[in-house]
**Q** 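I'd like to ask you about the structure that follows.
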Amino acid sequence: MFAQPLVPFGNSLVLSFLLAASPIFVTLIMMGVLRRPAWQATLGGLIIGLVMAVTVWKLPASLAFASITNGMVFSFLPVMWIALSALFLFNIATQTGRFDAFRMWIIKHLPNDRRVMLVVLGFCFSAALEGVAGFGTPVAITSALLIMLGFPALEALTYVLIFNSAPVAFGGLGIPITVLSSITGLPAPVLGSTIGLQLAPFACLIPFYVVALYAGWRSIKQLWPVLLVAGGSFALTMVLVSTYISYNLSNVLSSSVSLVVTILFLKVWSPAPDAAYAIDAAHLTQAPAKAGAWQGPHWQGWIPWIVVILVVIVWDTLHLSKIGATPVHWPGLDKQVFISLYQKPYAAIWNFEPLGTGTAIFVSAILTALLTGASAKQFSAALVTTAKQGWLAVITVALTIGLAFLMNYSGMTYTLGYGVASTGVLFPLVSVFLGWIAVFLTGSDTSGNALFGNLQVAAAHQLSLDPVLFASANSAGGVMGKMISPQNITTGVAVTSLKGQEGVVLARTFKHSIFLTLLMGLVVVFQQYVLR
């Protein structure tokens with residue numbers, strides 16, 4: 001059995017930490033500085049990671065390749081199966097004219113102001129999609145909608161990526177918190193309540209923050225009532241639901257309340273017209289009708305999104321994903337590695353779930369096709385378009401998660417965690433960056449909690465700090481890494497004109513990711529040293 005070394009290089013934790021971080025540095029530099037496509041950047045990171053794992057951490061080559069293949073298989077099922085199914089739903093909506101109908105419904109029922117559209121769609125609507133899908137698909141669908149309303153592709157994608165932060169911790173019906181609880185042994189309701197309190201200030205802040213980036217402080221003065229309603233209703237509902245009802249429903253209910261309340265508020269209040277942010281006339285008309293194309297009422301644009309939310313909730317309630325679920329002990333890897341930091345063997349189990357969330361979303365796409373009367377030609381066109389949009393994202397995500405698994409099983413990730421946990425009195429400030437690192441690598445707050453949840457608890461006990469607070473900080477800090485994850489960015493660009501320009505997007509979001517993570521660190525410091 002291979003025992004992971006925590007300080008493999010020169011008996012120096014600092015040097016070992018830097019070498020462990022080198023695959024991340026390479027990926028970030030190639031994407032953000034050299035502006036290489038995400039698949040090239042992640043391939044570069046994987047190559048460096050493989051060299052480090054085999055030569056410095058002394059991971060046997062057989063285990064190295066087994067961990068990479070395990071990660072790549074996991075990247076497709078469940079990760080990209082969810083993303084591809086959601087893209088297919090989006091393309092069904094597009095082919096049947098319902099996506100354009102949804103755009104027209106928004107134009108008709110909201111003020112003619114791109115700033116308002118940005119908040120309602122980029123924050124409220126994308127949060128609802130995050131609650132059922134995640135894995136970059138809310139970013140792809142919402143940014144495509146904003147582009148149809150006249151936003152430049154880079155602006156649309158950048159702002160939606162920043163918005164896609166606070167809702168992530170409760171995404172997928174609370175699965176990140178469920179996993180965090182199972183990993184740490186801490187009660188899920190307490191974790192959910194703590195995370196809700198940590199993220200509530202950011203839910204309020206994010207609409208103000210993004211509008212300030214997009215339109216400046218003058219727009220904050222003009223729009224503050226609707227920004228407060230959108231962010232405040234989301235934050236208040238998140239705290240109430242996660243504390244008194246169920247963390248599983250927190251994101252679904254918070255986003256739904258925020259969306260409905262904000263739209264209703266805009267019926268009685270609207271900002272003063274500003275020609276600088278009015279939607280161009282070219283985007284105010286319905287798409288030209290093709291021969292035989294559907295041109296029905298705009299309310300039907302809601303059909304795809306209502307269907308997917310209802311199906312996923314029912315699917316989860318009936319536990320359909322457990323039907324046919326089979327744990328696969330990965331050959332040549334399962335319990336062949338000893339985690340020195342936790343003093344236990346490292347399991348390698350791939351959970352094959354043929355009826356998982358991705359299948360629920362795929363069923364939603366089929367139901368949408370039936371309800372909207374999609375023809376065989378439209379259905380097949382949606383399939384072909386999805387394949388064209390998604391194939392490069394599949395490769396990129398496979399490389400990214402392959403690297404994440406390699407770093408996990410070699411011990412490189414645990415060296416990073418051990419280094420951060422050794423910061424002593426500074427740990428409350430930097431602990432959020434553990435979650436940030438994990439979500440950057442995997443694109444998933446769920447995976448980030450599985451990776452570092454125990455480490456946060458162990459470090460908290462050693463430093464006589466609150467273990468619940470720091471397990472929660474792992475999840476809350478991780479959501480800020482979502483906006484720079486290659487997986488999230490690649491899925492987001494799939495439906496835009498920015499394919500191959502993931503580095504440009506990363507360069508736009510990176511500083512915001514760091515800044516917001518630092519703010520989250522200050523919140524954790526305040527909770528630990530002032531409130532306790």
**Q** Is there a side-chain contact between H512 and L213 (heavy atoms, below 4.5 Å)?
**A** yes
**Q** Tell me the closest heavy-atom pair linking A38 and T396, and the distance in Å.
**A** CB-CG2, 3.7 Å
**Q** Quick check on F202: does its CZ atom have over 12 non-hydrogen neighbours (other residues, nucleotides or ligands) under 6.0 Å away?
**A** yes
**Q** Rounded at 0.5 Å granularity, tell me how far OG in S513 sits from CD1 in I162.
**A** 9.5 Å
**Q** State the CE-OG1 distance between M80 and T490, to the nearest 0.5 angstrom.
**A** 8.5 Å
**Q** Test L89 against F362 for side chain to side chain contact (heavy atoms under 4.5 Å, CB included), laying out the working first.
**A** CA-CA 7 Å; L89 173 67; F362 188 77; over 6 Å; no
**Q** Please tell me if the side chains of L498 and E502 come closer than 4.5 Å, counting only heavy atoms from C-beta onward.
**A** no
**Q** Can F123 and F234 be said to form a ring pair (Phe, Tyr, Trp, His ring centres under 6.0 Å), step by step?
**A** CA-CA 10 Å; F123 179 65; F234 187 98; 5.3 Å; yes
**Q** Pair L59, L406 - check side chain to side chain contact (heavy atoms under 4.5 Å, CB included), show working.
**A** CA-CA 9 Å; L59 180 70; L406 173 67; 4.0 Å; yes
**Q** Suppose we call two aromatic rings close when their centres sit under 6.0 Å apart. Are F470 and F427 close by that rule?
**A** yes
**Q** Kindly assign one of parallel, tilted or perpendicular to the pair F515 and Y209, based on the angle between their ring planes and the thresholds 30° and 60°.
**A** parallel
**Q** I'd like to check R508 versus E155 (side-chain heavy atoms, cut-off strictly below 4.5 Å). Are they in contact?
**A** yes
**Q** Check K335 against M1 and note the closest heavy-atom contact, atom names and distance.
**A** O-CE, 3.1 Å
**Q** Just how far is it from atom OG of S475 to atom CD1 of I195, taken to the nearest 0.5 Å?
**A** 4.0 Å
**Q** With a 4.5 Å cut-off on side-chain heavy atoms, are I349 and D334 touching?
**A** yes
**Q** Any donor and acceptor pair, going by atom type alone, linking the side chain of S242 with main-chain N or O of G196 inside 3.5 Å?
**A** no
**Q** I'd like to know if the side chain of S16 reaches the main chain of F9, judged simply by a donor and an acceptor atom lying under 3.5 Å from each other, with no hydrogens or angles considered.
**A** yes
**Q** From M30 CE over to I48 CD1, what is the distance, rounded to the nearest 0.5 angstrom?
**A** 9.5 Å
**Q** Tell me if a side-chain donor or acceptor on S67 pairs with a main-chain N or O of A64 at a distance below 3.5 Å.
**A** yes
**Q** When you look at S22 and L18, which way does the side chain to side chain contact (heavy atoms under 4.5 Å, CB included) test go after all the steps?
**A** CA-CA 6 Å; S22 60; L18 291 174; over 6 Å; no
**Q** Let me confirm one number: the OG-NZ distance from S410 to K58, rounded to the nearest 0.5 Å.
**A** 13.0 Å
**Q** Ignoring hydrogens and geometry, is there a side-chain-to-backbone donor-acceptor pair from T326 to G324 under 3.5 Å?
**A** yes
**Q** Please examine the side chains of I206 and L516, heavy atoms only from C-beta on, and report whether any two atoms are closer than 4.5 Å.
**A** yes
**Q** Is L46 close to T27 at the side-chain level, that is, under 4.5 Å between some pair of heavy atoms?
**A** no
**Q** Any side-chain to backbone donor/acceptor pair from T496 onto V493? Under 3.5 Å, distance only.
**A** yes
**Q** Would you check if there is a donor-acceptor pair between the side chains of Y159 and S143 at a distance under 3.5 Å?
**A** no
**Q** Counting distance only, does the side-chain N/O of S340 pair as donor-acceptor with the main-chain N or O of Q4 below 3.5 Å?
**A** yes
**Q** Output the distance between atom CD1 (I175) and atom CG (D316), rounded to the nearest 0.5 Å.
**A** 8.0 Å
**Q** Please walk me through it: do V160 and V210 pass side chain to side chain contact (heavy atoms under 4.5 Å, CB included)?
**A** CA-CA 9 Å; V160 176; V210 173; over 6 Å; no
**Q** Please check if the side chain of S75 supplies one atom and the backbone of M72 the other of a donor-acceptor pair under 3.5 Å.
**A** yes
**Q** If we ignore angles and hydrogens, is there a donor and acceptor under 3.5 Å between the side chains of N91 and Q389?
**A** yes
**Q** Under 3.5 Å, is there a donor on one side chain and an acceptor on the other for N164 and S126?
**A** no
**Q** Who are the ring pair (Phe, Tyr, Trp, His ring centres under 6.0 Å) partners of F433, not counting sequence neighbours?
**A** W436
**Q** When you compare the side chain of F170 with that of P176, does any pair of heavy atoms fall below 4.5 Å?
**A** no
**Q** Quick one: do the S193 and T243 side chains pair a donor with an acceptor below 3.5 Å?
**A** yes
**Q** Is there a donor-acceptor pair closer than 3.5 Å between any side-chain N or O of N488 and the backbone N or O of K482?
**A** yes
**Q** A side-chain contact here means heavy atoms from C-beta on lying under 4.5 Å apart; do Y529 and L465 qualify?
**A** yes
**Q** Is a side-chain N or O of T423 found less than 3.5 angstrom from the main chain of G419, in a donor-acceptor match?
**A** no
**Q** So, Y409 versus Y346, ring centres under 6.0 angstrom or not?
**A** yes
**Q** Of all heavy-atom pairs between N474 and G448, which one has the smallest distance, and what is that distance?
**A** ND2-O, 3.2 Å
**Q** For the residue pair T415 and W57, confirm or rule out a side-chain donor-acceptor distance under 3.5 Å.
**A** yes
**Q** Using a 6.0 Å cut-off, check whether atom CH2 of W39 has over 12 heavy atoms from anything other than its own residue.
**A** no
**Q** Taking all non-hydrogen atoms of both residues, which atom of L50 and which atom of F65 are closest, and how far apart?
**A** CD2-CZ, 4.1 Å
**Q** Between F74 and F405, is the ring centre distance below 6.0 Å?
**A** yes
**Q** Would a line drawn from the ring center of F2 to the ring center of F338 be shorter than 6.0 Å?
**A** no
**Q** Specify whether F76 and W81 have parallel, tilted or perpendicular ring planes, treating 30° as the upper limit for parallel and 60° as the lower limit for perpendicular.
**A** tilted
**Q** Work out which heavy atom in I309 is nearest to a heavy atom in A128; give both atom names and the distance.
**A** CD1-CB, 4.4 Å
**Q** Tell me whether T509 contacts the main-chain N or O of V505 through its side chain, where contact means a donor paired with an acceptor under 3.5 Å.
**A** yes
**Q** Shortest non-hydrogen contact from A140 to L87?
**A** CB-CD2, 4.1 Å
